[in-house]
Chemist: 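Here's a structure for you.
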Protein chains: 2
Amino acid sequence: MPATIRDIKNKTGLSLATISKYLNGGNVLPRNRQLIEAAIEELHYEVNEIARGLVTNQTKLVGVMVYDIESLFVGNMLHYIGAELRRHGYGFLICDSFNDEEVETQNLQFLLKKKVDGLLVIPVNRSGKFMEPAKKVGVPVVLLDRAFYDEEFDFVGIDNRMAAYRAVKVLIENGHERIAVITSNVEYSGIYRLEGYLEAMKEAGLSVPEEYRRLGKHSFELGYKNMKELLALQERPTAVFLGNYETTLGGIMAVNESELSWPKDISIFGFDDLIMSRVVRPKIWIARQPMEQMCAKAVDILMERIGSKQTPEEQIMKVTFGIQLREGESIRRLNGRENPSGD
Amino acid sequence: MPATIRDIKNKTGLSLATISKYLNGGNVLPRNRQLIEAAIEELHYEVNEIARGLVTNQTKLVGVMVYDIESLFVGNMLHYIGAELRRHGYGFLICDSFNDEEVETQNLQFLLKKKVDGLLVIPVNRSGKFMEPAKKVGVPVVLLDRAFYDEEFDFVGIDNRMAAYRAVKVLIENGHERIAVITSNVEYSGIYRLEGYLEAMKEAGLSVPEEYRRLGKHSFELGYKNMKELLALQERPTAVFLGNYETTLGGIMAVNESELSWPKDISIFGFDDLIMSRVVRPKIWIARQPMEQMCAKAVDILMERIGSKQTPEEQIMKVTFGIQLREGESIRRLNGRENPSGD
DNA sequence: AGTTTTGAGCGAACCGTTTCGCAATTTTGG
DNA sequence: CCAAAATTGCGAAACGGTTCGCTCAAAACT
């Protein structure tokens, strides 16, 4: 039904080759250019990208695999990724891994069959073995937020160890010594955030009792449940570092439901400034990832890889951004002269 | 690089037509079937869906347009939609409308260019005029959760008016008279939920002072800000009905941060059981949409439409599900004998 | 003015499938 | 046992573009 390049040919009397050349930005005589443009206008012609794809072997589609599409963090990423991809004329095929490694493996197959030009992955698998098929076919891959422990791919994220280290450092500088942590220890980022926490504690010569180390699966409940337990502890911590968005929100809920409040009874430092900052009072200290820049960079790299046919050889890129510590009023000052209860 | 049907032809000595027939489930002599299967196995052949698409004029791709990919409600929908679509061998191209009507209009163009086989839309536009191009091309469209006021399309959602009506009715039956509402009045569902609220109030002969009617744009802040204001009112309402997920969460936050608590000081009835129920205590009463069924149904209808070439003519389907009122402990009983403070 | 260079247009082949109409073979039935 | 019917296989033409190598005319040199 829609007009094809052949209709343009009939209308203008030019050859397919010439018209195709015009469509792809080649040089055409002014007279012919006019002819073609008039015909396109009249017939409402639009190039059929899938036909073009067949011969150029491109789909202008990027596959995006995420560990859980329901996660607010992921939603936020997707938001930026989508916008950036569109700027490049690309669409994206999203696959939700349901936090399941097996599903993720199948999703890869699916996307490969769809002939995506590239892959953007926030993985659930810790190992990159399952990405083998992508490597074999030569589809460029960029990892976001999480890397593998065994396979190298282009990567964009933050320095998680450093991020946590800096955050905990702030707590320490405010005189806190009994500092607990609630974070995931399952996937990439969580593990390094835990490390950063431990390092800061060790450096300051602070001990970390078993019950202050609250680990589990990245989730809302993780924060909620563990914060409840921490608050009920005999030897309650004076501060808690929360290692990701969902967990932070859960922790906040737990405090809100208790008799206690921050910064008076407990100091908190959270992660990822998604919507909390617009809602929670008193404002909490937050380690903020530059989501927009990260996504833009990831897409940039991917576009680069797609453009230059060559596989990256041994020049894999790992871009880590710094985080921003957004100040809040959720930390009580336990040293120095100020009276913390005043705030 | 990957094997093509022609490689199979060379290996087996059969014709393209026969092999194609086999691939599409046609009948082939047992001997040939074996031959083909062996060749496929050996060459790791997989059909190139985009080449197939060129001739069948199908992409096995569905376009999904959502008003805001960051919304938890949307994320949840996407989760189910994705799973269901995959069962049918379809992938989905997601477009985020950024809550912007203009962007949504452009997204449609984009998806149409990508030749999606069908469209699933949770729209931001109130009017369906912008869907004209889809109609013209004959791409089937199914609306989810929100319908247009002026154009008819297949639709799957809930009876919003009824849902709100039933929820508010519960509050009334518990003896509440000063009942406030916080909901969106911008898009489809919000409008009808407001109507349901008003109807229930009117029926019960209850008045709705201006300051009890809190309307605005579907958001977290809407609930947060307005709940704060309601709680600070001279003539504070005894109950509040919250009209959607984000708003409910905001409202809960606001109460949690105040000196007050439910059900003692204020009764609340929320909407959409996404993650709250797993976290908020005491449990709140919730109007629960059957997300999974809705998504499955929407996909079903779409598949149906895609299958039968014919445009639906005048037989447009509108499927509305009932909601489930999930009981909680967030409503104080103001009539009857029970002592509410006991719980 | 003659030769080289440059630039645009063209025909045909190709990308990897499906499908149509027909030929060949097998099965059915009288 | 032969004609009719049913089944399977085949060649070729699509689908809607891109691209390669060639021709030809105009522009740029000696």
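No experiment lies behind these values; they were computed from the predicted model shown.
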Chemist: Please state how far atom CD in B:Gln58 lies from atom P in C:dG16, giving the value in whole angstrom units.
Modeler: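 Those two atoms, CD and P, are 21 Å apart.
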
Chemist: Specify the angle, to 10°, made by the local axes at the two ends of the helix from C:dA1-D:dT30 to C:dG30-D:dC1 when five pairs are taken at each end.
Modeler: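 That helix has its two terminal axes inclined by roughly 30°.
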
Chemist: With a 4.0 Å cut-off, would you call B:Glu151 and B:Lys129 a salt bridge?
Modeler: yes

Chemist: Could you tell me whether B:Glu42 and B:Lys11 make a salt bridge, using a distance below 4.0 angstrom between a side-chain N and a carboxylate O?
Modeler: yes

Chemist: Do A:Asn107 side-chain atoms and A:Asp96 backbone N/O form a donor-acceptor pair below 3.5 Å?
Modeler: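 Looks like yes, one N/O pair under 3.5 Å.
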
Chemist: Atom CD of A:Glu46 to atom P of D:dG16: distance rounded to whole Å?
Modeler: 14 Å

Chemist: Calculate the interatomic distance between B:Ile5 atom CD1 and C:dC15 atom P; express it in whole Å.
Modeler: 14 Å

Chemist: Please work out if A:Tyr45 contacts a base, only the sugar-phosphate, or nothing of the nucleic acid, heavy-atom cut-off 4.0 Å.
Modeler: sugar-phosphate

Chemist: In whole Å, what is the span from the CG atom of B:Leu23 to the C1' atom of C:dT19?
Modeler: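 Distance, rounded to whole Å: 14 Å.
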
Chemist: Strictly under 6.0 Å, is that where the ring centroids of A:Phe73 and A:Tyr67 end up?
Modeler: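 So the answer is no for these two rings.
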
Chemist: From CG of A:Leu35 over to P of C:dG9, roughly how many Å is that when rounded to an integer?
Modeler: 11 Å

Chemist: Which part of the nucleic acid, if any, lies within reach of B:Ser20 when heavy atoms closer than 4.0 Å are counted: base, sugar-phosphate only, or nothing?
Modeler: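 Base, at least one base atom sits under 4.0 Å.
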
Chemist: Start with the C-alpha gap between B:Glu84 and B:Arg87, add the side-chain angles, then the distance that decides, and say whether salt bridge (Lys or Arg N to Asp or Glu O under 4.0 Å) holds.
Modeler: CA-CA 5 Å; B:Glu84 191 65 17; B:Arg87 289 204 321 107; 3.0 Å; yes

Chemist: At less than 4.0 Å, is any side-chain N or O atom of B:Asn24 found next to OP1 or OP2 of C:dT18? Yes or no.
Modeler: yes

Chemist: Quickly work out the A:Leu43 CG to D:dG17 P distance and round it to whole Å.
Modeler: 12 Å

Chemist: Mind checking whether A:Lys318 and A:Thr320 have side chains closer than 4.5 Å, heavy atoms only?
Modeler: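 A:Lys318 does not reach A:Thr320 side chain to side chain.
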
Chemist: Could you tell me the separation between the NZ atom of A:Lys113 and the P atom of C:dG16, rounded to a whole number of Å?
Modeler: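 Rounding to the nearest Å, NZ of A:Lys113 and P of C:dG16 are 16 Å apart.
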
Chemist: When you check the side-chain N and O atoms of A:Ser189 and A:Asn160, is any donor under 3.5 Å from an acceptor?
Modeler: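 No.
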
Chemist: Look at atom NZ of A:Lys297 and say whether more than 12 heavy atoms of other residues, nucleotides or ligands are closer to it than 6.0 Å.
Modeler: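 For A:Lys297, atom NZ is not crowded (no more than 12 foreign heavy atoms under 6.0 Å).
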
Chemist: Restricting both atoms to N or O, compile the protein contacts to nucleotides 7-14 of chain D shorter than 3.5 Å, with distance only.
Modeler:
from	atom 1	to	atom 2	distance (Å)
D:dT8	OP2	B:Asn27	ND2	3.4
D:dG9	OP1	B:Leu29	N	3.3
D:dG9	OP1	B:Asn32	ND2	2.2
D:dC10	OP2	B:Ser15	N	3.1
D:dC10	OP2	B:Thr18	OG1	2.9

Chemist: Measure CG/A:Leu54 against C1'/C:dT18 and give the value in whole Å, please.
Modeler: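 Taking atom C1' of C:dT18 as the reference, CG of A:Leu54 is at 12 Å.
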
Chemist: Using a 3.5 Å distance criterion without hydrogens, assess whether the side chain of A:Asp117 forms a donor-acceptor pair with backbone atoms of A:Val62.
Modeler: no

